[in-house]
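First up is the structure itself, then whatever we jot down about it.
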Amino acid sequence: MSVRVRFAPSPTGYLHVGGLRTALYNYLFARHHGGKCILRIEDTDRTRFVEGATENLISSLRWAGVEFDESPEKGGDYGSYIQSERFELYRKYAQELLDRDAAYYAFDTAEELDAMRERMQNAGIAPRYDRTVMRNQYTLGEVETKRLLAEDAQRVIRLKVPLAGEVRFDDIVRGTITVPARDVDDQILLKSDNFPTYHLANIVDDHLMAITHVIRGEEWLPSTPKHVLLYDALGWERPKFAHLPLLLNPDKSKLSKRQGDVAVEDYREKGYFKETMVNFVALLGWNPSADREIFSMQELIDSFKLEKVNKAGAVFDIQKLDWMNGEYLRSKPLDELTEQFLPMAQHAGFTASKEYMCDVVGLLRERVTKLNEIPAFGTYMFTAPTEFEEEYKAKFWTPAMAEPIQELAKRLEASDFAADTINAVAKDYAKESGIKVGVFMNLLRLAVTGKSVGASMIHTMEILGKQESINRIAYFLKAQE
RNA sequence: GGUCCCAUAGACUAAUGGUUAGGUCACCACCCUUUCAAGGUGGCUGUACGGGUUCAAAUCCCGUUGGGAUCACCA
């Protein structure tokens, strides 16, 4: 049977980086096996619906390069791919569960349930629906149940979990997992508004969409016994499960908004490349090689193995993310980077030719980790400095240097101003004047950029051009008088 | 608290039961050098603890400790 996997987010806002990792693993697994990867929107909770969330999710996924073979946009043979358009199906299978005595009606009110939980809490037992004492078809009897149904009383349908024995299932990442049945709750399957809960909708759709492998976050592990019971009750073959380790905050808790950015779009806006995000997140919980860190999407696909996924959670370390982005920044083709840089430069109010922009990116990408840092880092490539770092100036500048600098500028002006020439002229004059080249270079940096840090000075000047550089030196000298 | 999951350095990870426990980020030093980076070289730090099984354990088993997830008419 060919592989079919799915990424099934709930449209509650944005794509979480953990969600990206889950989607990515599904995608890698499907592509590796020549199978299909499906996107399904799980919007059964009307109260949590967020306008535009689905579109946002899809656009983040598309940006990252995770593509789906079947989705709400694309359609497919197993549609609809939006759960709110499939409600009839869930009701049908809820009825079937009822018929098979694997589920039952319950009529408890919210208050009654709260009271029950409080009682159990106080008695020191784990809150769990006790169908032998609550108001449901078993305690009420057939006649009363029929009467309540006939008058359309508020009711839900619950899963009838065995009172004894154990529930067992296999997980590709974790091996066999066994849970005492008495610890599994009689989960609500169909809410009083006739909408399904996640548990019902999820297994109905996974089955109907012929999903072969359920690859999802570890937070789902505790509810998997319920899902397994549902598959069994309906006589359906269980898919294979693979629960992925969680992405963690630095303090090891589940990655959350409280402790930093979690939305993929946040990282995108901050200037991380999609290649970085995919590469980085793929290596959180899995590693295809003992001695390599940089992988293209295709390489990830080629080597992906679910069996090699780690069990332990992984801390999302921004420092390493930054390092990786720098790697991509330095290895990507310059013209591609320039295209991406153009809007950033424009936003910063910089105007220059594309060739010049390209030179600037090529020059400064060695010094930053993200493309969008260039405008702030290298403002001087577009605007002449009017202020000069005091501390830096104090270190190299003395009035006695005015003349030598002037002389050096004069000689440079007479040259062709290529980087190598600038270097040679400066060195010659240094030897001649007995002043260290370093002093000249630092002063040129101060005069031309106003800053103490930046790229190679000779290349900076070459790109700025002779006229501009000479003007800046003159301005600096004048300002010191 | 119940249930379940997990445990290689500060972080991410590699290691058919047999390696001096390897790589990457971070950190430190040195080299390069014109500042800062990048790059190069070297270094620091690790199999949570205790028992077993075995000729041999990071690896298998048990326990302890620690961490995490989850316990809704949310997904």
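All heavy atoms count here, side chains included; hydrogens, waters and symmetry mates do not.
- With B/U35, B/C4, B/A75 as the candidates, the nucleotide lying closest to the side chain of A/P180 is B/C4.
- Here the separation of B/A26 from B/C6, taken at their C1' atoms, is 25 Å to the nearest Å.
- For A/K332 and A/F273, the positive end sits near the middle of the six-membered ring, less than 6.0 Å away and at most 45° from its axis.
- A/F241 and A/Y231 have perpendicular rings, their planes meeting at more than 60° on a 0 to 90° scale where under 30° would count as parallel.
- Rounded to the nearest Å, the gap between the C1' atom of B/U8 and that of B/A57 is 14 Å.
- Between A/R117 and B/C73 there is a side-chain polar atom (N or O) within less than 4.0 angstrom of OP1 or OP2.
- When the side-chain nitrogen and oxygen atoms of A/T44 are compared with OP1 and OP2 of B/A75, one or more of them lie within a distance under 4.0 Å.
- A salt bridge is absent between A/D170 and A/K240: the closest approach of a Lys/Arg side-chain nitrogen to an acidic carboxylate oxygen does not fall below 4.0 angstrom.
- Nucleic acid contact class of A/A455 (heavy atoms, under 4.0 Å, all strands): base.
- Between the C1' atoms of B/A75 and B/A38, the separation comes to 45 Å (whole Å).
- Between A/R6 atom CZ and B/A75 atom P there is a gap of 14 Å when expressed in whole angstrom units.
- We find that A/E299 and A/R292 are joined by a salt bridge, their nearest charged nitrogen and carboxylate oxygen being less than 4.0 Å apart.
- Taking atom P on both nucleotides, B/C62 is separated from B/C4 by 14 Å, rounded to a whole Å.
- In this pair, A/F7 and A/F68 present their aromatic rings parallel. The plane angle is below 30°, not in the 30 to 60° band.
- Considering only residues two or more places apart in sequence or on other chains, A/H459 meets the ring pair (Phe, Tyr, Trp, His ring centres under 6.0 Å) condition with none of them.
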Q: In sequence, state the C-alpha distance, the side-chain angles, and the governing distance for A/K308 and A/N287, and then conclude on side chain to side chain contact (heavy atoms under 4.5 Å, CB included).
A: CA-CA 8 Å; A/K308 295 280 286 177; A/N287 202 304; over 6 Å; no
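- Contacts between residues 426-442 of chain A and RNA chain B, counted as heavy-atom distances below 4.0 Å, involve A/G438, A/M441, A/N442.
- The distance from atom CG of A/N325 to atom P of B/C25 is 15 Å, rounded to the nearest whole Å.
- Within a heavy-atom distance below 4.0 Å of RNA chain B, the residues of residues 213-223 of chain A found are A/E218, A/E219, A/W220, A/L221, A/P222.
- Going from the C1' atom of B/A29 to that of B/A48 covers 31 Å, rounded to whole Å.
- Classified by interplanar angle (parallel below 30°, tilted 30° to 60°, perpendicular above 60°), the ring pair A/Y267/A/Y272 is tilted.
- Side-chain contact between A/Y328 and A/K274 is absent, with no heavy-atom pair separated by less than 4.5 Å.
- Partner assigned to B/A21 is none, using Watson-Crick or G-U wobble distances below 3.5 angstrom.
- Note: A/Y198 and A/H227 meet the aromatic proximity criterion, with ring centroids under 6.0 Å apart.
- Comparing the C1' positions of B/U16 and B/C74 gives an interatomic distance of 45 Å, to the nearest angstrom.
- Distance from the side chain of A/K191 is smallest for B/C73 among the nucleotides B/C4, B/C73, B/G23.
- Of the nucleotides present, B/U41 is the one that pairs with B/A29 by Watson-Crick or G-U wobble criteria, both distances under 3.5 Å.
- When both pairing distances are held under 3.5 Å, B/C71 makes a Watson-Crick or G-U pair with B/G1.
- Under the 30°/60° scheme for interplanar angles, the aromatic rings of A/H199 and A/W220 are found to stand perpendicular.
- A search for salt bridge (charged side-chain N to carboxylate O under 4.0 Å, His left out) contacts involving A/R131 returns A/D186, not counting sequence neighbours.
- Under the Watson-Crick and G-U wobble criteria, each requiring two contacts below 3.5 Å, nucleotide B/A48 is paired to B/U64.
- The residue A/I458 sits close to a base: some heavy atom pair falls under 4.0 Å.
- In this structure, CE of A/M324 is placed 13 Å from P of B/U24, rounded to the nearest angstrom.
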Every protein N/O within reach of nucleotides 10-15 of chain B N/O, cut-off under 3.5 Å:
unit_1	atom_1	unit_2	atom_2	d
B/C12	OP1	A/V315	N	3.0
B/C12	O2'	A/L283	O	3.0
B/C12	O2	A/K320	NZ	3.3
B/U13	OP1	A/G285	N	2.4
B/U13	O2'	A/N287	ND2	3.2
B/A14	OP2	A/N310	ND2	3.2
B/A15	OP1	A/K308	NZ	2.4

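- Atom CZ of A/F388 and atom C1' of B/U35 are 16 Å apart (whole Å).
- Distance, A/Q83 CD to B/C74 C1': 13 Å, rounded to whole Å.
- As a whole-Å value, the separation of A/E307 CD from B/U16 C1' is 16 Å.
- Rounding to whole angstrom units, NZ of residue A/K451 and C1' of B/A37 are separated by 12 Å.
- Put simply, the side chain of A/S71 does not reach to within 4.5 Å of the side chain of A/I38, judged on heavy atoms.
- Residue A/R174 places no side-chain atom within donor-acceptor reach of the base of B/C5, judged by atom type and a 3.5 Å distance cut-off alone.
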Under-3.5 Å N/O pairs linking protein and nucleotides 39-42 of chain B:
unit_1	atom_1	unit_2	atom_2	d
B/G39	OP1	A/E327	OE2	3.3

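- The side-chain heavy atoms of A/Q480 and A/K393, taken from C-beta on, include a pair separated by under 4.5 Å.
- Going from atom CG of A/D183 over to atom P of B/G2 covers 11 Å, rounded to whole Å.
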